Amino acid sequence: MNPRIKLLRGDITKIAAGAIVNAANGSLLGGGGVDGAIHRAAGPGLLAECRTLGGCETGKAKLTKGYNLPAPYVIHAVGPVWRGGTGGEEALLAGAYRSALDLAAENGIRSVAFPNISTGVYGYPKDKAAAVAIRTVSNFLDGHPEMDKVIFVCFDEDNHRLYERRLGR
Ligand code: AR6
């Protein structure tokens, strides 16, 4: 597995990467889970900037500043709601990861921390989501030698164990 892929267990709002990724919804106006935690830690400037963005399609991402967060940028990625797997969820989840990484590269950001997008309220099976996330990040890194590292930040124990196994850590 690519040595530029890192694994951490904890709270992504504490991570001083070039950008942290938010598991947002299409409104980009906040919510629960990691989205709520990021907005609370960033402060009201983040929501004010998000209001100017006009939302975001599922499978895509948009960039804002990080405000009071240790990371200078937040990339708001919108993963799919799990509907049994026949609604294009896999391509949409891969798209959310890929769009976030493309945005980072376009903005000269060299380290990106991801939460486990769609595996909370959106109900995507955690092991299936881990496979998509790792494959998408790995393919991206193969084509982007300038990206220093991508960190998977797992909040819950289940996700952390699944990533340890898949990354061989
Ligand atoms: N740091 C890192 N990961 C976290 C944190 C944290 N502080 N808090 C939770 N997680 P979810 P989704 C993990 O539900 O499934 C929101 O309301 C959590 O363990 O946050 O993509 C949005 O506004 C889980 O593995 O996001 C959307 O409406 C992962 O983050 C909707 O939820 C994702 O869980 C998006 O649902």
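Numbers here are sequence positions counted from 1. Every value quoted in this text rests on a predicted model; they were computed, and no experiment measured them. Both counts, for ligands and for their atoms, begin at 1 and track the order of listing.
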Ligand-residue contact atoms, ligand 1 with [X], heavy atoms, under 4.0 Å:
X: N116; answer: 25 (O), 29 (C), 33 (C)
X: T119; answer: 15 (O), 24 (C), 25 (O), 29 (C)
X: D35; answer: 22 (C), 23 (O)
X: G31; answer: 17 (O), 23 (O)

(message) Salt bridge or not between R165 and D127? Use side-chain N to carboxylate O under 4.0 Å.
(response) no
(request) Indicate yes or no: does K126 engage D156 in a salt bridge with an N to O separation below 4.0 Å. (result)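 Answer for the salt bridge query: yes.
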(request) Mind running salt bridge (Lys or Arg N to Asp or Glu O under 4.0 Å) on K62 and E57 for me, showing each step along the way? (result) CA-CA 10 Å; K62 291 195 178 176; E57 284 172 45; over 6 Å; no
Measure the distance from [atom] to every protein heavy atom, then report the residue, atom name and distance (to 0.1 Å) of the closest one.
atom: atom 7 (N) of ligand 1; result: D11 OD1, 2.9 Å
atom: atom 3 (N) of ligand 1; result: F155 CB, 3.3 Å
atom: atom 26 (O) of ligand 1; result: A23 CB, 3.8 Å
atom: atom 21 (O) of ligand 1; result: S118 N, 2.8 Å

(message) Quick check: closest heavy atoms across V21 and I38, and the distance to 0.1 Å?
(response)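 That closest heavy-atom pairing would be O-CD1, 3.9 Å.
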Looking only at N/O atoms, are [X] and ligand 1 under 3.5 Å apart anywhere?
X: T13; answer: no
X: I117; answer: no
X: V153; answer: no

(message) Using the side chain to side chain contact (heavy atoms under 4.5 Å, CB included) definition, which of the options V153, I151, L101, T136 pairs with F114?
(response)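 Single pass found, and it is L101.
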(message) If we only consider heavy atoms of C154, is any one of them less than 4.0 Å away from an atom in ligand 1?
(response)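 It does not, in that no heavy atom of C154 comes within the 4.0 Å cut-off of ligand 1.
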(message) With a 4.0 Å cut-off on heavy atoms, is G123 in contact with ligand 1?
(response) no
